[in-house]
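Data block below; observations after.
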There are 2 protein chains.
Amino acid sequence: MTVEGYDPRAFPPFAVTVDLAVFTVRDGRLHVLLIERGTEPYQGAWALPGGFVLPRESAEQAARRELAEETGLSESTVAGLHLEQLRTYSDPGRDPRMRVVSVAYTALLPDLPEPRGGGDAAHACWKAHGGPQRLAFDHERILADAHERVGAKLEYTGLATAFCPAEFTLGELRQVYETVWGVELDRPNFRRKVLTTPGFVEAVEGGARLTGGRGKPAALYRAGPANALHPPLLRPEGRHST
Amino acid sequence: MTVEGYDPRAFPPFAVTVDLAVFTVRDGRLHVLLIERGTEPYQGAWALPGGFVLPRESAEQAARRELAEETGLSESTVAGLHLEQLRTYSDPGRDPRMRVVSVAYTALLPDLPEPRGGGDAAHACWKAHGGPQRLAFDHERILADAHERVGAKLEYTGLATAFCPAEFTLGELRQVYETVWGVELDRPNFRRKVLTTPGFVEAVEGGARLTGGRGKPAALYRAGPANALHPPLLRPEGRHST
DNA sequence: CCCTTTAGAGTCATGATGACTATAAAGGGG
DNA sequence: CCCCTTTATAGTCATCATGACTCTAAAGGG
């Protein structure tokens with residue numbers, strides 16, 4: 001069966017949706033944006049935000065539109081967010097009602113005020129990742145894949161800054177790594193690594209911020225122009241000596 | 001628009017297909033499996049192999065089925081091949097006839113005899129990557145994404161062995177890296193790196209192979225159990241993508 | 001006035017790496 | 001046969017990145 005010579009009116013019909021794994025770091029814990037399902041199947045269970053891809057939009061456009069609707073952020077704000085295609089889930093039977101192929105996306109947000117419900121009835125809220133809640137459909141799997149992908153990307157990209165506000169301290173940046181990876185990092189070594197990696201962060205002149213009222217005030221930085229870290233900032237567990 | 005409360009008979013209809021970027025290394029050049037299109041649009045142009053996802057199969061099952069059909073390899077052989085989902089292409093208008101969402105997969109094969117046409121009219125053949133041929137639809141973009149992904153995965157996985165026969169020399173393995181990355185690697189340093197990376201390769205006892213009749217015979221190795229390289233084998237120029 | 005807390009500077013040993021040099025073992029051309 | 005080329009394999013050495021540290025600075029709280 002090839003693409004050539006097929007009848008456009010006789011293709012197997014599929015529904016195509018997007019699912020969003022939206023992460024943030026809040027109070028030193030990884031949180032994910034979830035909605036509570038109001039209808040069967042999985043009524044009352046939590047699920048990833050998402051929805052249909054419309055006939056005239058790409059999957060990424062659908063993902064940004066859904067993200068804006070679920071978080072209440074403006075379209076222009078969402079347009080600048082880091083949104084990355086994770087992978088596509090296509091198992092027959094992943095939705096008991098019909099054949100649905102879903103393109104999953106991952107987004108990283110700084111700690112924002114509670115999302116305001118959008119125009120529709122969706123009530124998305126942040127839930128701590130790894131909590132007791134069971135997710136609907138195969139969303140547990142999607143979320144696990146997304147977490148693994150984010151953890152891996154922190155190693156060789158400057159993506160961790162997407163979890164931080166525009167200006168941040170190195171302590172806040174370090175907490176992002178510690179939270180996503182679930183490890184503790186040596187403070188001086190982390191600082192040395194970040195500052196010697198070209199393009200990772202840029203110092204903000206004159207800035208300093210009290211760290212929650214405790215400890216010495218820290219210098220402020222903003223995200224640098226580099227999108228790849230050379231050499232990468234590897235997870236501690238990932239290193240095996242000869 | 002959310003997944004909840006929709007009418008299963010009123011979803012926007014899409015066709016879902018798979019596209020395959022199948023690579024091999026032949027004569028020190030990267031080759032890709034292509035088919036020549038026999039019908040409009042893009043009649044006479046080259047395209048990636050692929051086809052519809054059937055109603056009762058997953059996208060990966062469809063990709064393996066198409067790969068077996070296009071290469072003439074047996075289903076059992078294809079079942080053991082390294083096949084990886086690349087990403088999904090969903091731009092409206094990427095196919096002028098109708099709305100088609102395509103899940104792209106990447107496969108790596110050792111240098112095999114010319115593929116035998118399968119049951120249908122498809123005549124897939126190996127073409128040197130980077131040649132003058134223009135590809136149909138957005139397949140040029142898919143192929144570029146696949147090449148970048150394979151190059152990146154060679155850095156931190158033992159995937160390069162998928163391009164080699166079951167037993168191979170370190171020279172053959174090094175040529176895989178040089179061909180995919182388009183660089184020359186220092187022979188002794190490459191050897192040291194591969195042999196000191198745990199689980200990358202295993203020595204084959206007593207084996208030795210003449211390197212095309214030229215030079216000292218080389219020891220044989222087979223792929224090791226590791227699927228991740230620690231630390232990674234980074235490209236000299238250090239090119240990464242997001 | 002100490003105590004705790006976090007930021008930030010610096011030290012030291014080890015490991016990984018790039019750039020080399022040198023030797024070994026094959027075939028081919030005189 | 002001797003040399004030449006070719007490729008494999010064994011080293012050396014300097015440099016850089018890193019993990020595990022110690023030490024000082026600057027804030028707030030009892």
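By convention in this document, chain letters (A, B, ...) are assigned in the order of the sequence lines, proteins followed by strands, and residues within each chain are numbered from 1.
Here the P atom of nucleotide dT22(D) and the CZ atom of Arg187(A) are 15 Å apart, to the nearest Å. Atom pair Lys216(A):NZ and dT24(D):C1' shows a separation of 8 Å (rounding to whole Å applied). Here dT7(D) presents its P atom at 16 Å from CZ of Phe190(B), a figure rounded to the nearest Å. Atom C1' of nucleotide dA17(D) and atom CG of Leu195(A) are separated by 15 Å, given to the nearest angstrom. Per the geometry, CG belonging to Leu220(A) stands 12 Å off C1' belonging to dA7(C), to the nearest Å. Rounded to whole angstrom, the span from the CG atom of Leu185(A) across to the C1' atom of dA17(D) amounts to 16 Å. One atom, CD of Gln175(A), and another, C1' of dA7(C), lie 15 Å apart when rounded to the nearest Å. Separating the CZ atom of Phe200(B) from the C1' atom of dA16(C) is a distance of 16 Å, rounded to the nearest angstrom.
Using a 4.0 Å cut-off between charged side-chain N and carboxylate O, Glu84(A) and Arg149(A) make a salt bridge. For the pair Asp138(B) and Arg87(B), the salt-bridge criterion is not met [side-chain N within less than 4.0 Å of a carboxylate O].
Between Arg191(A) and dA7(C) there is no side-chain N or O to OP1 or OP2 distance below 4.0 Å. Between Arg214(A) and dG28(D), a side-chain N or O to OP1/OP2 separation shorter than 4.0 Å is absent. The side chain of Arg174(A) places an N or O atom within less than 4.0 Å of a non-bridging phosphate oxygen (OP1 or OP2) of dA7(C).
Ring pair Phe23(B)/His147(B) is tilted by interplanar angle, where 30° to 60° counts as tilted. Under the 30°/60° scheme for interplanar angles, the aromatic rings of His139(B) and Phe137(B) are found to be tilted.
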Nucleotide N/O to protein N/O under 3.5 Å, stretch nucleotides 17-19 of chain C:
from: dT17(C); atom 1: OP1; to: Lys193(B); atom 2: NZ; distance (Å): 3.2
from: dT17(C); atom 1: OP2; to: Lys193(B); atom 2: NZ; distance (Å): 3.2
from: dG18(C); atom 1: N7; to: Arg192(B); atom 2: NH2; distance (Å): 2.9
from: dG18(C); atom 1: O6; to: Arg192(B); atom 2: NH1; distance (Å): 3.0
from: dA19(C); atom 1: N7; to: Asn189(B); atom 2: ND2; distance (Å): 2.9
from: dA19(C); atom 1: N6; to: Asn189(B); atom 2: OD1; distance (Å): 3.2

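Residues of residues 156-165 of chain B that place a heavy atom closer than 4.0 Å to DNA chain C do not occur.
For Ala104(A), the side chain to side chain contact (heavy atoms under 4.5 Å, CB included) partners at least two apart in sequence or on another chain are Leu86(A), Tyr89(A), Ile142(A). Ser58(A) meets the side chain to side chain contact (heavy atoms under 4.5 Å, CB included) test with Glu60(A), Gln61(A), Ser90(B), Asp91(B), Pro92(B); sequence neighbours excluded. Considering only residues two or more places apart in sequence or on other chains, Thr196(A) meets the side chain to side chain contact (heavy atoms under 4.5 Å, CB included) condition with Arg192(A).
The salt bridge (charged side-chain N to carboxylate O under 4.0 Å, His left out) contacts involving residues 170-180 of chain A comprise Glu172(A)-Arg209(A), Arg174(A)-Glu178(A), where partners must be two or more places apart or lie in separate chains.
Base pairing annotation: dG30(D) forms a Watson-Crick or G-U wobble pair with dC1(C), both donor-acceptor distances under 3.5 Å.
Counted by atom type alone, Asn227(B) and Thr157(B) present zero donor-acceptor pairs between their side chains at under 3.5 Å.
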